[in-house]
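Take a look at the structure set out below.
Below, chain A is the first sequence line, B the second, and so on; all start at residue 1.
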Amino acid sequence: MGKLKYALFTGCTAKQSTPEQMMSTMAVAEKLDIELVELTEASCCGASHLQDYDDFLSLVLNARNIAYAEKHELTMVTICNTCQLNTAMTKHRLDNSADLKKRVNEKLGEIGLEYKGTSKITHFLYAIIDDFGLDKLKEMVVTPLSQFNIAPFYGCHNIRPSELQNETHDTPENSYNPTSLDDLIIACGGMTVDYEQKNKCCGFHAELQAPKVSAILTGNAIAGAMDGNADWIVTPCPLCHLKLDTQTGHASEAIGREVSLPVLHMQQMIGLALGCPPETLGMKHHVTKVDFV
Amino acid sequence: MSTTTINTQKVNFNVFRFNADEDYLPYYEDYSMDVTSEEVVLDILNRIKWDHDGSFSYRRSCRHGICGTCAIKVNGKVTLACKESMTDMIEVFGNDLVIEPLSKKRAIKDLIIDKADFWEKHEQVTPYLDTEIDENPTAENIVTPAQADTLDEADLCIQCGACHYACPVVEISDAFMGPAAFAAAYRFEADVRDDNESRLTDVNQMGSGVWDCVKCFECADACPKEINPIEKIGKLHNMLFQSGKAESNIATRHAVGFEKSIRKNGVLDEGSLVLYSELAGVVKHVPVALKMFSKGKIVPPWGIIKSDNLDEIQKLVKSSSTAKF
Ligand code: SF4
Ligand code: SF4
Ligand code: SF4
Ligand code: FES
């Protein structure tokens with residue numbers, strides 16, 4: 001296998017409220033000898049909210065982001081579930097409608113770009129599983145996480161809608177019984193926690209307009225992991241991370257029970273297993289203290 | 001048809017049992033059966049009733065995925081019992097299956113639930129064509145294929161309730177209309193023959209409105225007719241903006257705020273977005289924001305790294321915008 005190389009779409013969160021995710025992504029990529037070319041031209045994916053306001057504009061902007069990955073002739077790797085969903089959804093819609101593709105390309109033509117549909121779009125989690133391989137990752141583990149019960153939190157936008165999601169990676173995933181993150185935990189030497197909320201929603205996208213509903217979902221998720229005896233939670237989505245890490249106060253209040261667990265990005269978990277020094281993984285940027293490293 | 005050539009395997013069924021007239025709490029009963037690769041989930045329900053316990057209750061009628069009565073949950077997956085093949089279930093979940101009603105808290109008897117909330121919400125969206133009918137038409141009232149396509153298959157709904165009871169917001173909040181009611185609202189809003197003037201505004205104001213969806217896509221995976229209700233909810237959002245009926249509230253400002261931020265920075269300015277969405281309500285976020293700030297999780301507006309080639313993005317925002325607020 002030659003050196004793996006991807007176009008990295010960081011999304012906005014990794015550059016702002018989850019700096020630890022950006023740091024650990026880079027640290028892990030270096031350890032795994034994966035080259036990431038950052039798409040510094042990319043705009044926000046719209047996070048499924050711009051889509052509510054102006055669907056066509058969001059298609060055009062996402063197509064522009066993809067066009068930059070195509071220019072590099074690389075697969076686009078995302079590190080946020082919601083970026084993955086919105087970008088992959090754009091690709092799916094443009095690849096399945098010649099008319100839409102034409103209308104979008106008319107706009108992109110104004111700035112000298114074209115969406116061709118030549119780049120794959122995949123989340124870093126699946127890039128590691130499909131392209132790097134968990135067996136190889138396992139061989140590289142120097143600090144197996146064997147003393148930890150780790151609760152996987154998949155995040156909706158990496159597993160649903162399943163038909164679309166399964167177009168973006170080779171290893172099949174069933175949204176009702178997902179396995180990718182569990183397999184990653186096992187490859188890192190950890191023990192996985194099975195709990196009802198692992199494939200459920202954290203409530204992030206309605207936090208402002210429906211704070212109570214949103215906080216109950218967050219609370220239930222953390223409570224489920226705690227009841228499963230988890231030492232900590234791991235997630236591939238920085239938005240889930242933000243919700244579960246920073247909103248424990250509201251969540252505890254909403255469900256009438258104190259809930260709190262450290263929430264790691266999947267990159268931080270891999271980094272720990274590969275022996276990256278904790279300071280390169282940004283553990284000090286968590287609101288809920290990561291007390292075990 | 002001879003069953004001897006068909007693959008069989010042993011499956012353990014853990015089945016929800018409850019009789020609201022007699023039981024204080026539900027309980028689960030185990031049944032172990034040889035299951036053939038030809039069977040659907042409904043065959044198993046029938047065999048439990050016919051071979052094990054005649055009192056076991058569930059709804060079914062057409063056995064063809066049309067009447068929408070047989071929706072239940074298998075290992076948490078909402079499913080039409082008469083359509084779901086046992087082979088697929090075993091492949092996904094293995095040989096231990098848990099059979100439950102769509103909503104445990106609404107159970108009346110075993111798998112039969114009280115679906116009243118579903119029907120009440122459905123009824124509220126004016127789920128029928130609302131139009132003046134010319135009693136003596138002189139010409140055909142033609143709907144072109146392109147016009148019919150805009151329904152986007154929302155008219156295929158069989159009201160099975162699978163999406164409704166898979167929705168985490170419905171589960172928590174009685175005020176939320178739910179994916180099926182919204183899909184129905186869209187179905188008639190999108191119909192060129194419909195003249196209802198108030199449905200869109202009604203839907204937006206009814207219950208907790210159209211904005212409380214957490215975008216989990218549970219309804220998309222749940223629907224046996226592949227109607228993708230969340231996509232229809234997105235279209236209702238778009239319609240509200242296109243028709244100028246969107247009122248200024250946290251949710252609409254949140255959606256519009258993305259455009260503002262992208263126009264300015266290419267990327268999102270997370271802090272300013274919350275400020276713009278919440279207006280004065282932003283004070284309630286201050287305690288969490290302070291904690292985040294102390295952990296280096298908040299970038300001030302002047303610290304935002306803008307996208308390279310921002311002029312391209314600004315040009316596109318100008319030339320490609322289709323909505324107004
Ligand atoms: S789990 Fe929450 S934050 Fe993560 S993708 Fe789903 S809705 Fe978004
Ligand atoms: S996407 Fe929205 S409507 Fe659909 S199940 Fe989730 S919260 Fe409910
Ligand atoms: S939208 Fe689909 S899942 Fe929901 S009630 Fe209609 S047919 Fe059933
Ligand atoms: S029995 Fe009618 S839909 Fe299943």
- Task: Would you confirm whether A:His205, through its side chain, and B:Val214, through its main-chain N or O, come within 3.5 Å as a donor-acceptor pair?
- Result: no
- Task: Please flag which part of A:Glu196 lies under 4.5 Å from any non-hydrogen atom of chain B: side chain, backbone, both or neither.
- Result: neither
- Task: Using a strict cut-off of less than 4.0 Å between a Lys/Arg side-chain nitrogen and an Asp/Glu carboxylate oxygen, indicate whether A:Glu20 and B:Lys297 qualify as a salt bridge.
- Result: yes
- Between B:Glu171, B:Glu218, B:Glu259, which shows the greatest number of heavy-atom pairs under 4.5 Å with chain A? B:Glu218
- Note on the structure: Turns out that what part of A:Leu242 lies under 4.5 Å from chain B's heavy atoms comes down to side chain
- Query: Any idea which of A:Thr179, A:Leu59, A:Leu50 has the most non-hydrogen atom pairs under 4.5 angstrom with chain B?
  - Reply: A:Leu50
- Item | Region of B:Glu226 in contact with chain A, defined by heavy-atom distances below 4.5 Å | side chain
- So which part of B:Ile233 gets closer than 4.5 Å to some heavy atom of chain A, the side chain, the backbone, both or neither? neither
- Task: Report yes or no: does A:Asp54 contribute a side-chain atom to a donor-acceptor pair with the main-chain N or O of B:Ala323 at less than 3.5 Å?
- Result: yes
- Query: In Å and rounded to the nearest 0.5 Å, what is the CD to CD1 distance from A:Glu207 to B:Ile250?
  - Reply: 11.0 Å
- Message: Quick check on B:Val92 against chain A: is it the side chain, the backbone, both or neither that has a heavy atom closer than 4.5 Å?
- Response: both
- Note on the structure: One option among B:Lys77, B:Lys291, B:Lys235 has the most heavy-atom pairs under 4.5 Å with chain A, and it is B:Lys77
- Task: Name the region of B:Phe176, side chain, backbone, both or neither, that has any atom closer than 4.5 Å to a heavy atom of chain A.
- Result: neither
- Message: Does atom CD (A:Glu253) have a neighbourhood of more than 12 heavy atoms from anything else shown, all under 6.0 Å?
- Response: no
- If you measure from OH on A:Tyr53 to CZ on B:Phe258, what distance do you get to the nearest 0.5 Å? 13.5 Å
- Query: Under 3.5 Å, side chain of B:Ser307 to main-chain N/O of A:Ala42, donor-acceptor pair present?
  - Reply: yes
- Query: Does the A:His157 side chain pair with the main chain of B:Lys215, one donor and one acceptor, at a distance under 3.5 Å?
  - Reply: yes
- Spacing of CD belonging to A:Gln247 relative to CE belonging to B:Met292, to within rounding of 0.5 Å: 8.0 Å
- Pick one of side chain, backbone, both or neither for A:His286, based on which atoms fall under 4.5 Å of a heavy atom in chain B. backbone
- Answer yes or no: is there a side-chain heavy-atom contact under 4.5 Å between B:Ile230 and A:Arg160? no
- Message: Could you report the tightest heavy-atom contact between B:Cys216 and A:Cys156, atom names first, then the distance?
- Response: O-CB, 3.5 Å
- Donor-acceptor under 3.5 Å (A:Asp52 side chain, B:Leu236 main chain): no
- Message: Counting C-beta onward and ignoring hydrogens, is there a side-chain heavy-atom pair between B:Val267 and A:Lys15 closer than 4.5 Å?
- Response: no
- From B:Asp308 atom CG to A:Glu38 atom CD, the distance as rounded to the nearest 0.5 Å: 9.0 Å
- With a 4.5 Å cut-off on heavy-atom pairs, point out which of B:Gly303, B:Ala251, B:Ser319, B:Gly234 contacts chain A the most. B:Ser319
- Message: Among A:Thr40, A:Ile216, A:Ile159, A:Leu113, which residue has the highest count of heavy-atom pairs closer than 4.5 Å to chain B?
- Response: A:Thr40
- Determine whether A:Leu217 and B:Pro168 make a side-chain contact, defined as any pair of heavy atoms from C-beta on separated by less than 4.5 Å. yes
- Item | A:Thr13 portion near chain B, given a 4.5 angstrom heavy-atom threshold | both
- Query: At a heavy-atom separation under 4.5 Å, does A:Leu208 approach chain B through its side chain, its backbone, both, or neither?
  - Reply: both
- Item | Atom OH of B:Tyr28 with >12 non-hydrogen neighbours under 6.0 angstrom | yes
- Item | Interchain contact, A:Asp55 with chain B, by part (heavy-atom threshold 4.5 Å) | both
- Message: Does atom NZ (B:Lys105) have a neighbourhood of more than 12 heavy atoms from anything else shown, all under 6.0 Å?
- Response: yes
- A:Glu110 bridged to B:Lys315 by N-O distance under 4.0 Å: no
- Out of A:Gly112, A:Ser48, A:Pro19, which one racks up the most heavy-atom pairs below 4.5 Å with chain B? A:Ser48
- Counting heavy-atom pairs under 4.5 angstrom with chain A, the leader among B:Pro287, B:Ser320, B:Gly266 is B:Ser320
- Which of the residues A:Cys12, A:Gly11, A:Ala210 is involved in the greatest number of heavy-atom pairs with chain B at under 4.5 angstrom? A:Cys12
- Item | Portion of B:Ala166 that has a non-hydrogen atom of chain A nearer than 4.5 angstrom | neither
- A:Lys107 versus chain B, the contacting section by heavy-atom distance below 4.5 Å: both
- Given that the side chain runs from C-beta out, which part of B:Cys219 has a heavy atom under 4.5 Å from chain A: side chain, backbone, both or neither? neither
- Note on the structure: Honestly, the part of B:Leu268 sitting under 4.5 Å from a heavy atom of chain A is both
- Query: What do you reckon, is NE2 of B:His254 surrounded by more than 12 foreign heavy atoms closer than 6.0 Å?
  - Reply: yes
- What distance do B:Ile262 atom CD1 and A:Ser43 atom OG have between them, rounded to the nearest 0.5 Å? 5.5 Å
- Message: If I measure from the heavy atoms of chain A, does B:Ile172 come under 4.5 Å with its side chain, its backbone, both, or neither?
- Response: side chain
- Answer yes or no: does atom NZ of B:Lys245 have more than 12 heavy-atom neighbours from other residues, nucleotides or ligands under 6.0 Å? yes
- Note on the structure: If one checks every heavy atom of B:Ser277 against chain A at 4.5 Å, the contacting part turns out to be side chain
- Message: Report which part of A:Asn199 has an atom under 4.5 Å of a heavy atom belonging to chain B: side chain, backbone, both, or neither.
- Response: backbone
- Query: NE2/B:His237 to NE2/A:His49 distance, rounded to the nearest 0.5 angstrom?
  - Reply: 10.0 Å
- Message: With heavy-atom distances below 4.5 Å as the criterion, would you say the side chains of A:Arg64 and B:Ile313 are in contact?
- Response: yes
- Query: Relative to chain B, which segment of A:Met89 carries a heavy atom at a distance below 4.5 Å: side chain, backbone, both, or neither?
  - Reply: side chain
- The single option from A:Leu108, A:Leu61, A:Ile111 passing side chain to side chain contact (heavy atoms under 4.5 Å, CB included) against B:Glu312: A:Ile111
- Output yes when a side-chain donor or acceptor of B:Asp221 lies under 3.5 Å from a complementary backbone atom of A:Pro161, and no otherwise. no
- Which one, B:Asn249, B:Val256, B:Asn75, leads in non-hydrogen pairs under 4.5 Å with chain A? B:Val256
- chain A contact via B:Phe217 - which portion, at a heavy-atom distance below 4.5 Å: both
